[in-house]
A.B. asks: 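First the structure, then my questions, so here it is.
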Amino acid sequence: MTSPNESAQRGSWSSRTGFILAASGSAIGLGNIWRFPYVVGEGGGAAFVLIYLGFVFLIGAAVMLGELALGRHTQRNPVGAFKATAPGTLWKLVGLTGVVTGVAILSFYGVIAGWTVGYFFKTVTGSFSQAITASESQEIFGGFVANPAASVGLLFLFLGVTAVIVWRGVSGGIERVSKVLMPALLALLVLLAIRSVTLSGAGAGLAFYLAPDFSKISAQTFPAALGQAFFSLSLGMGAMITYGSYVSKKVNLVSAVGIICFLDTAIALLAGLIIFPALFHVGLSPSSGVGLVFQVLPTLFAELPAGQLFGAAFFLLLAIAALTSTISLLEVPVSYVIDEWGWSRGKAVVATATVTFLIGVPSALASGAVSFLSDLPGAAPDFLSLMSIIFGNYSLTIGSLGLAIFVGYRWGVEAAAAEFQSEGVPAVFKPIWAFLIRFLAPVGIVGILVYIIATQNYF
Ligand code: PFF
């Protein structure tokens, strides 16, 4: 058991809303606005979206509840949570893989987050105040990301800001930031979506995005959609175990999961409504990869009245959405080092942020600055995309599998249900959740992994 003094040092959310906003802040980020549109674009559009939605609500939501319940029950970081519920076993390795994955994801995520800051400055200083064509926009993007000083400098800046907030702790730093700007992001996205769907040529984009063509489904669709679901919901690396460990026993976890999954999905779907019509309007290809959002949106802003203002607001809010996610990514290794190694928060933050920065440098140089990193040998893509596939897809998928098996069979459905079965949760919920976490999630994930190995379609 934690002593009152110990739990005061760990910190906790000051309210239910604070927790829901912080967890939604973790879930909502570049995954929704930057990654979702480009994986949908590469995955063939609407058919991919449908599969994605199935994964979010059938597998992702069940895993999220398992993570939050385990975190709240043990009041520990991911490694400590497994140690407390399965002492002396190797289960702690699932938690440890999560801690490593957190650092790895943050290392490339911080690069993209840095780009959003760069694009904010570009917009403010008028780079996109005049109408630009798609190819001009591609050129500007290409030149910007190939500049090593800008990419590495912005990565450093972004990780620095993240570190300062994480240093300030759970309710003073993380919760306060999350509470303020999430609603503003939502409002702005709605406005942009309205503008985008009314552009000429929007119809083709909407058809690509909303009318499923199942012939576009390939071997890659399922792992990519499942990986995106885990990535977007911040699952499979213990972020939700960590955030769950700061939640008061009074909070209804089931309704919290419903709200977080709903908000996360709504923002991703909205981002698609902005990107795809605009994309077809300017004639770019949906499979433009990691640069998609950065190439499409400036052309849209250039066509809007007060476009410069919209553009600046958009990139600023996107940077903030990214910040509430990088905070949760850094909080996982930090909470581990504090709980398990007994370090002070300050020392833990400086050490983990420094290591993350060093690992992030190759990703920052992988979009043109260093040609080897930008075009790896063989079938592998550039270094940043490779990190995103290995850690953003596979590591989170395997971590979620470990969590589902652990919660479903080792810690047990009864113990988990005792943590979430509070007032207002109907009795039928437990057997449904038990089915999802014990059968559907593991069978679905293993099926997909076997399929990938059999078809050798790793990227
Ligand atoms: N969910 C975040 C996003 O969609 O941008 C990314 C992320 C944060 C993934 C935290 C994993 C994580 F633990």
Side-chain angles (χ1 to χ4, degrees), residues 21-40 52 55-56 60-61 63-64 67-68 71 77-78 81 94-95 97-116 158-159 162 165-166 174 178 182 185 189 224-245 257 260-261 263-272 290 293 317-336 352 356 387-400 402-403:
L21 283 171
S24 304
S26 167
I28 297 168
L30 296 173
N32 306 59
I33 295 164
W34 159 74
R35 202 175 193 263
F36 179 75
Y38 94 75
V39 294
V40 170
Y52 171 77
F55 285 154
V56 166
V63 171
M64 185 183 286
E67 277 203 28
L68 288 174
N77 69 89
V94 177
T97 311
V99 172
V100 173
T101 304
V103 171
I105 293 183
L106 183 55
S107 76
F108 75 82
Y109 196 95
V111 173
I112 317 288
W115 294 351
T116 66
F158 210 92
L159 290 180
T162 305
I165 295 170
V166 171
I174 303 174
S178 308
M182 282 302 175
L185 176 70
L189 289 176
L226 188 65
Q228 174 61 18
F230 292 136
F231 186 87
S232 190
L233 296 171
S234 301
L235 298 176
M237 49 154 277
M240 290 296 166
I241 297 179
T242 309
Y243 273 25
S245 76
V257 167
I260 299 163
C261 290
L263 285 177
D264 186 68
T265 307
I267 300 269
L269 292 177
L270 256 180
V290 297
V293 167
L317 290 173
L318 185 53
I320 290 162
L323 186 62
T324 54
S325 300
T326 54
I327 289 168
S328 72
L329 286 161
L330 189 60
E331 181 65 22
V332 170
V334 164
S335 70
Y336 165 70
T352 48
T356 309
M387 291 292 283
S388 171
I389 293 167
I390 295 178
F391 293 100
N393 274 358
Y394 292 134
S395 206
L396 296 184
T397 303
I398 292 166
S400 299
L403 186 107

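The first residue in the sequence is number 1, and the count goes up from there. Every number for a ligand or one of its atoms is a count from 1 in the order of the listing.
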A.B. asks: For Tyr52, enumerate each residue passing the ring pair (Phe, Tyr, Trp, His ring centres under 6.0 Å) test, keeping only those at least two apart in sequence or located in another chain.
C.D. replies: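 With sequence neighbours excluded, Tyr52 shows a ring pair (Phe, Tyr, Trp, His ring centres under 6.0 Å) to Phe36, given in chain and number order.
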A.B. asks: Is there side-chain contact between Thr116 and Leu30, with heavy atoms separated by less than 4.5 Å?
C.D. replies: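 Yes; the side chains approach each other to less than 4.5 Å.
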A.B. asks: Would you say the side-chain atoms of Ser328 pair up with the backbone N or O of Ser26, donor to acceptor, closer than 3.5 Å?
C.D. replies: no
A.B. asks: Within the side chain of Ser24, is there an N or O that forms a donor-acceptor pair under 3.5 Å with the backbone of Leu21?
C.D. replies: no
A.B. asks: Could you tell me whether the side chain of Tyr243 and the main chain of Gly238 form a donor-acceptor pair under 3.5 Å?
C.D. replies: no
A.B. asks: With a 4.5 Å limit on heavy-atom distance, are the side chains of Ile241 and Leu403 in contact?
C.D. replies: yes
A.B. asks: I'd like the atom pairs linking ligand 1 to the protein - N or O on both sides, separation under 3.5 Å - with distances to 0.1 Å.
C.D. replies:
residue: ligand 1; atom: 1 (N); partner: Ser26; partner atom: O; Å: 3.1
residue: ligand 1; atom: 1 (N); partner: Ala27; partner atom: O; Å: 3.0
residue: ligand 1; atom: 1 (N); partner: Phe231; partner atom: O; Å: 2.8
residue: ligand 1; atom: 1 (N); partner: Ser232; partner atom: O; Å: 3.1
residue: ligand 1; atom: 1 (N); partner: Ser234; partner atom: OG; Å: 3.0
residue: ligand 1; atom: 4 (O); partner: Ala27; partner atom: O; Å: 2.9
residue: ligand 1; atom: 4 (O); partner: Gly31; partner atom: N; Å: 3.3
residue: ligand 1; atom: 4 (O); partner: Asn32; partner atom: OD1; Å: 3.4
residue: ligand 1; atom: 5 (O); partner: Leu30; partner atom: N; Å: 3.1
residue: ligand 1; atom: 5 (O); partner: Gly31; partner atom: N; Å: 2.7
residue: ligand 1; atom: 5 (O); partner: Tyr109; partner atom: OH; Å: 2.4

